[in-house]
Amino acid sequence: MLILGIESTAHTLGIGIVEKDSGMQILANARDVYKPKHGWGIHPSEAAEHHRTVAKEVLEKALSESDVSFDNIDAIAYSAGPGLPPCLKAGLEFAQQLSNKCSKLLLPVNHCIGHIEIGKLLSGARDPVTLYVSGGNTQVIAYAAKHYRVFGETQDISIGNAIDTFIRETDGSYPGGPVMENLAKQGKNYIELPYVVKGMDLSFSGIMTSALQRFKKGAALDDLCFSFQETCYAMLTEVTERALAHTGKEEVLLTGGVAASQRLNEMLGMMCNERGAKFYGCPKEFSGDNGAMIAVAGMLAFASDQKGIKAEEADFKQRWRTNEADVAWLN
Ligand code: AMP
Ligand code: MG
């Protein structure tokens, strides 16, 4: 069984191929990442244009990486949301073109669930509380009562966005994560920043504004980066721990682009250790947005008897909530 997966929700146009004959194997994970022509951040229509331009090339790369002929693909999975509408539309239209050309059915995949399922596959985690932290999302997710449910999330901007904006405004570079991580290693003084956890939810915009104000008043950037990380990652660890307690689960999976953070891995690892839970990270190639994760989630659906839909029935949902997605393979 072979499934091709297309990711296009934000800056990445990714195409992955997975096989499931004995176990699940990732055969290809090709991608091309959009970079803004001017300034920083994503210009949605420019990113969508990028995806349209590179899609064929990325497909060819994935096919040659996997040594698979397109004719042997059983169905095409695509990232149907949540995401930026122009980007989602570009991915959907490419999937529809392929489907029409070769009469293959389409499998709409929830982007967040793609992140979780590839993380589980690669780590061996079976039923984790997942902390999904990226440029667009910050959610604590776990499976309960037939769905993946969001136990906690940001009420405003994502952690990745907070980091990127702070570093862009202070250091002028992008993406901010790796820069902040390096600067933080040289920071020695803890500067108090707002610690905002409300029940199970989080907020990062106040911290970002406060850190920017402190910078303008002369606080050292390395101290601020150190304090920013300590504060935000402690908040994320607290909410993840509470989700473990609520659900009674014994595993934590960290994924999304911010999962590259050494310090966040360390804090979650320590928390899990203290509770007797197991902590799993995700390799960088598969924790950022990628096509293989869409193929993996598509394969799980396909192998559990969801044979897919016709091109003309396929659509995208900008705000597709994690808990609204059908996860037949778990039920
Ligand atoms: P994604 O949206 O999943 O592609 O993730 C991109 C986000 O990951 C950006 O906000 C980056 O700044 C962030 N990121 C990448 N590397 C690191 C790191 N080492 N520490 C923290 N954040 C990171
Ligand atoms: Mg993502």
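The figures here come from the full heavy-atom set of this structure, side chains too, leaving out hydrogens, waters and symmetry mates. The model shown is predicted, which means the values in this text are computed figures rather than measured ones. For ligands, and for the atoms within them, numbers begin at 1 and follow the listed sequence. Throughout, residue positions are numbered sequentially from 1 according to the sequence presented.
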Practice prompt. Compute the angle centred on the Mg ion (ligand 2) spanning OD1 of D289 and OH of Y132, and express it rounded to 10 degrees.
Written response: 170°
Fill in: Nitrogen or oxygen of G177 less than 3.5 angstrom from that of ligand 1
yes
Discussion item. Considering both backbone and side-chain atoms of G257, is one of its nitrogen or oxygen atoms within less than 3.5 Å of a nitrogen or oxygen in ligand 1?
Written reply: yes
Worksheet item: Quick one: do R263 and E181 make a salt bridge, cutoff under 4.0 Å?
Response: no
Discussion item. Applying a heavy-atom cut-off of 4.0 Å, say which part of D164 lies close to ligand 1: side chain, backbone, both or neither.
Written reply: side chain
Fill in: Element-labelled atoms of ligand 1 that are located less than 4.0 Å from some non-hydrogen atom of H11
1 (P), 2 (O), 4 (O)
Item to complete: Taking only Lys NZ, Arg NE, NH1 and NH2, and the carboxylate oxygens of Asp or Glu, determine whether E93 and K89 approach each other closer than 4.0 Å.
Response: yes
Practice prompt. Find out whether L105 and K310 are in side-chain contact, i.e. whether some heavy atom of one side chain is under 4.5 Å from a heavy atom of the other.
Written response: yes
Worksheet item: Would you call K120-E117 a salt bridge at under 4.0 Å N-O?
Response: yes
Worksheet, complete the sentence: Here the atoms of ligand 1 under 4.0 Å from any heavy atom belonging to G160 are 10 (O)
Worksheet item: Atoms of ligand 1 less than 4.0 Å from Y233 heavy atoms?
Response: 21 (C)
Worksheet item: Hey, are E49 and K37 close enough for a salt bridge, meaning a charged N less than 4.0 Å from a carboxylate O?
Response: no
Worksheet entry | Atom indices of ligand 1, in the order listed, that fall short of 4.0 Å to a heavy atom of P178 | 15 (C), 16 (N), 17 (C), 18 (C)
Discussion item. Restricting to N, O or S, what is the name of the atom of H115 that lies nearest the Mg ion (ligand 2)?
Written reply: NE2
Worksheet item: What's the spacing between C87 SG and D289 CG if we round to 0.5 Å?
Response: 10.5 Å
Worksheet item: So which bit of Y132 gets within less than 4.0 Å of ligand 1, heavy atoms only: side chain, backbone, both or neither?
Response: neither
Fill in: Under 3.5 Å: N/O of E181 near N/O of ligand 1
yes
Worksheet item: Hey, which atoms in ligand 1 end up nearer than 4.0 Å to a heavy atom of G135?
Response: 1 (P), 2 (O), 5 (O), 6 (C), 7 (C), 10 (O)
